[in-house]
Amino acid sequence: MNSNATTTSLGTGSAESSAPRRNSKRPKYSRFTQQELPACKPILTPRWVITAFLLVSVIFIPIGVASLLASRKVVEIVDRYDAECVNATTKSERVKYIQGPGDKTCNRTLRVPKHMKAPVHIYYQLDNFYQNHRRYVKSRSDEQLRDNHSASEVSSCKPEDTANGNPIVPCGLIAWSLFNDTYSFAINNRNLTVNKKGISWKSDRDHKFGKDVYPKNFQNGTLIGGAHLNSSMSLHEQEDLIVWMRTAALPTFRKFYGKIEEDLQANDVIHVTLKNYYNTYSFNGKKMLVLSTTSWLGGKNNFLGIAYLSVGGLCFFLAMLFSLIYLVKPRRLGDPSYLSWNRNPGGH
Amino acid sequence: MGEDRNFNIRHSPVRYTQEQEKQRCWKEAKGSVQLFFAWSDLRRYVYINDDDLVQELYCDNRISNRKYSLFNFVPKNLWEQFSRFMNQYFLLIACLQLWSLITPVNPASTWGPLIFIFAVSATKEAWDDYNRYLSDKKANEKEVWVVKHGIKKHIQAQHIHVGNIVWLRENDEVPCDLVLLGTSDSQGLCFAETSALDGETDLKTRVIPSACMGIDSELLHKIKGVIECPNPDKDIRRFDANLQWACGVAVYTGNETKLGMSRGIPEPKLTAVDAMIDKLTGAIFVFQIVVVTVLGIAGNIWKDTEARKQWYVAYPEEGPWYELLVIPLRFELLCSIMIPISIKVSLDFVKSLYAKFIDWDHEMIDQETGVSSHATNTAISEDLGQVEYILTDKTGTLTDNKMIFKRCCIGGIFCGNECGDALKDVVLHGAVSNGSPDVLRFITVMAICNTVIPTRSKSGEILYKAQSQDEEALVKAAACLHMVLVKKNANVLEINFNGSAIHFEVLDTLEFTSDRKRMSVVVKDCQNGKIILLSKGADEAILPYALSGQEIRTFTEAVEQYAQLGLRTLCLAWRELEEDEYREWSLVFKEACSALVDREWRIAEVCQRIEHDLEILGVTAIEDRLQDGVPEAIETLRKAGINFWMLTGDKQSTAIQIALSCNFVSPEPKGQILITIAEPKDVAFVIDGWALEIVLKHYRRAFTELAMLSKTAICCRVTPSQKAQVVELLKLCEYRTLAIGDGGNDVRMIQQADIGVGISGREGLQAARAADYSIGKFRFLTRLILVHGRYSYIRTVFLSQYSFYKSLIICFIQIFFSLVSGVSGTSLFNSVSLMAYNVFYTSVPVLVSVLDKDLSERTVIQHPQILFYCQAGRLFNPMTFAGWFGRSLFHAIVVFVISIHAHGYEKSEMEEVAMVALSGCIWLQAFVVTLETNSFTILQLLAIWGNLLSFYIINLIVSTIPSAGMYTIMFRLCRQPSYWITMFLFDSFLLELKSPSPELIVFLLYPKGILEKFFITEQTKHVIANWMTCLILAILWCNRGHIGYQH
């Protein structure tokens, strides 16, 4: 549209008017529109890389050591009892035993290896139990658990939604399969009190399980799953259920059973009397009883400590390796002779 | 210009010639145009000024460029959006999600993003359409004067009907196609500007039909008649009005105007990157199907063997008939996020940003004219960075198109050879003042053999308006030699020679066409009544028709000599006609002009009959200077590995000369230029239009091979359609082509090429209008390609690969989780997280990080070789994608393994583990984006870390809602030291990815110089690729056609 540059415009003005109009389109200037915002351009030079690696190792190794120490301080007693508590060798016999009537009491003895500071947490651990299975994890009704008036909200609970034509409270596979082994502990014939209060999340008790919701029509169906519930206690107080309803993400998991609120001395022998009710035999699941103290990092878990130490160590090793390479065979920064078209004339 | 045409006016059957219609245009402030019709059997009869008849027959003058109306917007827009495969796929997924048996998450997690993305697209469409509506409305409501029932009335433009008489004042825009009936000019002339139609800013003359000549303006109100004309079509040519007033009768209105009919919808162009994204999407889709099938089968097996034993799952003994399908479908839904739903919207967004950057760039504003660059097509910026061939026009593109008369050869005497400027040549001036007849005839031809319109400025100066810059240069030169073209009144020319006026009557104008390559006028000398034919044209169009016996060797030599200097040559010739000969010929000519079939061809044939036995007067040489910075620009772009082809209508020697002077070909000893083989790789060839035609017809294969070998080619004497053919040829060889030109003859080539660049120059805006990008000067091409194109490419490449990466990582985690959840298709993440992850957490930082500049603009321009990497597509191909694929797999493994180990046993609560894994992904993303960013502006820092912060804020807020699944989860986690320690561990693994790979070793051996980054990146990808051999093989197999492409 620059035709007017030499010929100039006509008196009629028709050509003239177009030029200023285009000029007014001149875009505004700003650093953003010109892509000239101030920017920092870090370049990963050898020094930077070596420094970064050293820094990582300097930070990670102490954290790893601290985590590992914390984990080692935790005293943990793990006792697998599913096999020993059944007097049978084949799977079908075990299943028959667990499903049959009769006394299922089982006695176990545990030795405390080290001093265990109160509170000692009691967990049961299940193995090969898929609480995260899609059919299982969805089979619950949060509305029903929260609110007394929503007892009939059982549509998501199939197949454990109704029994004898009435809705089950609490409905669903999760509640139906509630773990029902029980443990009692004694040292030198002195019973240890197990505190089962406060084992569930406070937020669950306060907001997810209603104070006025009572078990109704529970375990009344043709198939009995797990534990029965005391129908005179509101769900809000049924902490075992609340704990169980927090489904685990992995097929091996531990659930909080209770706390022993006294120190256990090293070499103490604990007698455990347990009721072996829960059927893990049909799917070869293991059952374990776990007594554990805690640290600032949680229970016994060496994973973080080892991971930190190995990452830190590797970084340190790499830092050393790179320094060595850097010292032995240094290279000038930005040496154009290394550019591919300089090394290989003619480009691609 | 005008066309002979029969039409009748009722009551007075008179034959008219030179009918005109006018045309309106609504987008430009100045209007308009005119036209010839392509003949058609369907005709329309326009009843002039007949208010009763006009109303209902044809549409009114309301124009509408709108795509939608208020009512059809929703269905039409939805239909358009769903015609894309990707959208159909997502809709299918979303519908499947409504089936609660198989849906892993709340259907909202797919519907939400889907609706969001649809809403964004629809809003954009609606906004564009609303703007079109506004501009239509403005044009429709423009007030015009129209005669109704014999009275002039002021009405809105939209109410004009066919047959209405429209009054226009000076500088009015023409509201619809009009046939001119009368003007204020005594001779019925009017001048039209046609810039809105063809971009030409010179004025064109339009004349009223002779039957209407002299009708008083009052009488025109009462005129009645019928115009017979074809139905509306879209063959546009030029015209319009420019006087105190003019009036015309409306023949075509509204969307039926010529301009309305000629509006085409441009075909959307697909960039190489887009094509690659489509291919990779296809590959991912195949991968997804494989994963789904494998997991589906595994799930069914697990169900039948294991799940039956897991009594608490309570599988029924007998399932419904579709039971086998349930688990595969669940996995299909779970894996549907593998294909990033937001990639299209993100790409649209960043691409329009690239286009804006081009529009805004102050360094690409032509300081001379203030024209800024403009990206008309916002979707293809990244292709600019992959250009392999540039096909350029010469005149006006490489050169200034500012013609200056430099030398001439009159009857064997060379003028201007000594001082370089004929107008300063004393000999020539002497000859003029002596009245040498040869010289006088020569400058007379220069002055009158043209279509230049002289006008007077207010100060009385004479100004010339010409369609051809060459003609203008000649007329100006003649004026310097005292032969001044003063006036052109209708058919009479007035020339002032040394103070005395000479009059010529123009009898006929034999117009210039690119086939004839010459133009002639037949004039009658008013002094002595002699009829003379004056011709000018290209040497091969004039010299063969010389009077037999005339020595033309000097002229051939002159032409050759001038061409060697890079000057444009024209031969001037002259012949006195016998009265009888002229009269006879004139009749045939008139007949040809009014022919309705093959008119152009017949006119050419008739012209041939008179243009012979010419007396050659001499040769003019006009200089067309190279634009500033053209040689530098071409050198830089050639260094960047871009091959240049010059396609010009000029002579071979002129073209070669220009090519030499702008670094097109390396200078070689004369004579070797035609086929220069400097080194095996640097082949250049020159071919002319004739040869090209034969070659394209018969030796296509051989020529294609030559084309692939040659870095440079010069095609001279080529026609516009040949230009387009050459582009097509290169495109067929899978080269990315860019065509740049400035004139109407380049339009076809520009539209044909992958990228069309128009120079908004002296030859009008036609090219710029048809092009994807318009720039003010050729030298801006360097910046357009090296800076904007390259950045766009690198940014798009990052964005698209990253989009796949982030979708894949979350999908892999879901797949791993399903392996520990009994292959039952449980989703680890809840619906809110999944939705927010795609739409929010991962999109904002990466959208902002497209502002990244990997290397400074200066570095790129100094080292144009850097562009190799973009051209070869080395930053985005199945290999690099495999790298990102491997990265996402690796990161998913890291996140999953660390999450389940750090949060195992008593901490393995599902919501918590999910949140740990999600936080891990978000942290990794922040670091990946940081690592991939080269220069951090405040915006990027804000986006990356602000996003991380907002992730926590959002999740903390959601954690306060008791009914949400993740109630209190985030508070619990944030209080645990182990959570934070885990997060740090995630980030260190990012370092792990970089460190154990040879990448860092390479960093040390070859620290990042200017560009080593790319070298390193390549290495890394290979190493990652090795880890992933199997998966890569699958992807490569899907893209096996493409492997050879990336060197």
Side-chain angles (χ1 to χ4, degrees), chain A residues 1-3 8 10-12 14-15 18 22-23 26-27 29 33-35 37 39-41 43-46 49 123 130 132-137 159 173 177 203 207 246-250 253-254 282-283 296-299 303-304 307 311 318 322 325-326 331 333-335 338-339 341 347-348, chain B residues 30 171 193 201 242 309-314 357 359-360 362 369-372 455 457-458 463 465 641 760 762 765 820-822 824-826 865 868 872 900-902 905-906 908-910 913 934-937 962 967-968 977-978 981 985 988 995 1000 1003-1004 1006-1011 1015 1047:
Chain A
M1 198 61 186
N2 51 2
S3 63
T8 72
L10 291 168
T12 56
S14 60
S18 58
R22 284 183 193 272
N23 283 346
R26 196 185 167 90
Y29 180 89
T33 60
Q34 301 307 304
Q35 306 193 59
L37 286 173
C40 80
K41 298 185 176 180
I43 295 178
L44 283 176
T45 60
V49 172
Y123 303 99
Y130 288 88
N132 55 13
H133 193 278
R134 193 177 180 283
R135 268 180 77 83
Y136 189 81
V137 83
L173 289 172
S177 62
S203 59
H207 298 285
R246 276 272 156 207
T247 49
L250 298 168
F253 58 89
R254 286 175 184 177
S282 40
F283 52 89
W296 59 273
L297 209 54
F303 175 79
L304 280 179
V311 169
L318 286 170
F322 289 153
I325 296 171
Y326 183 56
R331 219 198 86 183
L333 180 69
D335 186 349
Y338 281 96
L339 292 172
W341 57 86
H348 61 295
Chain B
K30 274 294 121 200
N171 291 339
E193 194 199 79
T201 51
N242 206 318
K309 299 179 203 154
Q310 312 274 357
W311 56 269
Y312 52 90
V313 177
F357 278 135
D359 291 357
W360 286 332
H362 269 237
T369 55
V371 174
S372 56
T455 51
S457 71
K458 285 178 185 113
L463 302 164
K465 263 290 188 185
S760 22
R762 244 164 265 282
L765 287 173
V820 300
S821 63
S824 58
T826 319
Q865 294 94 330
F868 287 162
I900 63 170
H901 279 96
Y905 296 123
E906 76 277 6
S908 75
E909 201 280 320
M910 196 135 154
V913 173
N934 295 284
S935 65
F936 298 90
T937 64
Y967 177 54
T968 68
S978 63
I981 289 181
L985 191 59
S988 72
S995 51
L1000 258 157
F1003 257 122
L1004 285 153
Y1006 312 104
K1008 187 170 167 185
I1010 290 170
L1011 231 223
F1015 174 63
H1047 308 254

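Only this structure's heavy atoms are used, side chains among them; waters, hydrogens and symmetry mates stay out. So you know, we letter chains A, B, ... as the sequences are listed, proteins then strands, and number each from 1. Model, not experiment: these values are computed from the prediction.
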(request) Give, for atom OG1 of A:Thr247 and atom CD of B:Glu909, the distance between the pair rounded to the nearest 0.5 Å. (result)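 Separation between the atoms: 6.0 Å.
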(request) Supply the atom-to-atom distance A:Leu37 CG to B:Phe936 CZ, rounded to the nearest 0.5 angstrom. (result)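 One finds 14.5 Å between CG of A:Leu37 and CZ of B:Phe936.
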Can you tell me which portion of [X] sits under 4.5 Å from chain B's heavy atoms? Options are side chain, backbone, both or neither.
X: A:Tyr130; value: both
X: A:His133; value: both
X: A:Leu304; value: side chain
X: A:Tyr123; value: side chain

(message) Quick check for you: among B:Ile900, B:Val820, B:Val913, B:Thr968, which has the greatest number of heavy-atom pairs under 4.5 Å with chain A?
(response)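 Of B:Ile900, B:Val820, B:Val913, B:Thr968, B:Val820 has the most heavy-atom pairs under 4.5 Å with chain A.
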Where [X] and [Y] come nearest, the two heavy atoms and their spacing:
X: A:Phe303; Y: B:Ala902; value: CD2-N, 4.0 Å
X: B:Pro962; Y: A:His207; value: CB-CB, 4.3 Å
X: B:His362; Y: A:Gln34; value: N-OE1, 2.8 Å
X: B:Lys309; Y: A:Ser282; value: CB-O, 3.5 Å
X: B:Thr826; Y: A:Val137; value: CG2-CG1, 3.8 Å

(message) Between A:Gly299, A:Gly298, A:Ser203, who has the most heavy-atom pairs with chain B when the cutoff is under 4.5 Å?
(response)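 Among the listed options, the one with the most contacts to chain B is A:Ser203.
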(message) Given heavy-atom pairs under 4.5 angstrom as the criterion, report whether the side chain, backbone, both or neither of B:Val313 touches chain A.
(response)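 When you check distances to chain A, atoms from both the backbone and side chain of B:Val313 fall under 4.5 Å.
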(request) Check whether more than 12 heavy atoms from other residues, nucleotides or ligands sit under 6.0 Å from atom CZ of B:Phe357, and answer yes or no. (result)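 Enclosed.
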(message) Is any side-chain heavy atom of B:Ile981 closer than 4.5 Å to one of A:Leu297?
(response)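 Side chain of A:Leu297 against side chain of B:Ile981, heavy atoms only: contact under 4.5 Å found.
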